[in-house]
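Below, all heavy atoms of this structure are taken into account, side chains as well, without hydrogens, waters or symmetry copies.
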Amino acid sequence: MITEANIIQNLKDAGFSESQIEEFMGCAGKHEKDSGLKLLRQQRNVLLDGLHEKQRMIECLDYLVYQIEKDEIRF
């Protein structure tokens, strides 16, 4: 069985703030499953948006590397 400490650590590792952790644990304490799942899904979306932004930045760098290697950009 997963302990409360395990849940809190997992939430921290997933980037939850202290207030988000308190809100989630409050949902768990009140057996508000849907509300707790909503908080988890919201954080997942935040992380996914950040991932997509980082991916876009990498693609920009890859484009420049490609252009330099093709001698389209000269130094």
Side-chain angles (χ1 to χ4, degrees):
M1 184 94 184
I2 188 169
T3 66
E4 184 175 319
N6 293 135
I7 294 169
I8 291 170
Q9 186 59 54
N10 190 278
L11 294 171
K12 286 180 182 178
D13 292 346
F16 269 58
S17 67
E18 289 299 321
S19 63
Q20 288 173 309
I21 291 171
E22 288 176 20
E23 185 176 358
F24 180 84
M25 296 308 291
C27 292
K30 297 176 190 170
H31 305 288
E32 295 175 349
K33 181 179 177 178
D34 289 341
S35 297
L37 287 171
K38 181 180 177 183
L39 292 171
L40 295 177
R41 288 186 180 114
Q42 286 173 342
Q43 180 65 6
R44 184 182 189 282
N45 287 336
V46 167
L47 295 173
L48 197 54
D49 288 346
L51 178 65
H52 289 153
E53 179 62 20
K54 298 293 184 191
Q55 184 177 14
R56 187 193 66 75
M57 292 174 172
I58 290 169
E59 289 169 357
C60 289
L61 291 175
D62 288 346
Y63 173 77
L64 286 175
V65 167
Y66 173 77
Q67 292 298 317
I68 290 169
E69 289 177 344
K70 279 185 45 177
D71 289 326
E72 296 292 325
I73 299 174
R74 297 181 188 246
F75 284 78

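Side-chain contact between Tyr63 and Ile68 is absent, with no heavy-atom pair separated by less than 4.5 Å. Looking at heavy atoms from C-beta onward, Ile8 lies out of side-chain contact with Thr3 at the 4.5 angstrom threshold. Two residues are said to be in side-chain contact when any heavy atoms from C-beta on lie closer than 4.5 Å; Leu47 and Gln43 meet this criterion. Looking at Asn6 and Asn10, their side chains never come closer than 4.5 Å, going by heavy atoms from C-beta outward.
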Sequence neighbours left out, cut at 3.5 Å: what donor-acceptor pairs do the side chains of residues 17-27 make with other protein atoms?
residue	atom	partner	partner atom	Å
Ser17	OG	Ser19	OG	3.1
Ser17	OG	Gln20	N	3.1
Ser17	OG	Gln20	OE1	3.3
Gln20	OE1	Ser17	N	2.7

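Hydrophobic clustering of Ile, Leu, Val, Met, Phe, Trp and Tyr side chains at less than 4.5 Å, counting indirect connections, unites Ile2 with Leu11. Under a hydrophobic-cluster definition in which Ile, Leu, Val, Met, Phe, Trp and Tyr are linked whenever side-chain heavy atoms come within less than 4.5 Å, directly or via other members, Leu37 and Leu39 are assigned to the same cluster.
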Should Phe16 and Leu40 be marked as a side-chain contact (heavy atoms from CB on, under 4.5 Å) after you check the CA-CA gap, both sets of side-chain angles, and the distance that decides it? CA-CA 9 Å; Phe16 269 58; Leu40 295 177; 3.9 Å; yes
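How far CG of Asn45 is from CG of Leu51: 12.0 Å, rounded to the nearest 0.5 Å.
Sorted by first and then second residue, the salt bridge (charged side-chain N to carboxylate O under 4.0 Å, His left out) pairs with a member in residues 35-62 read Glu53-Arg56; sequence neighbours excluded.
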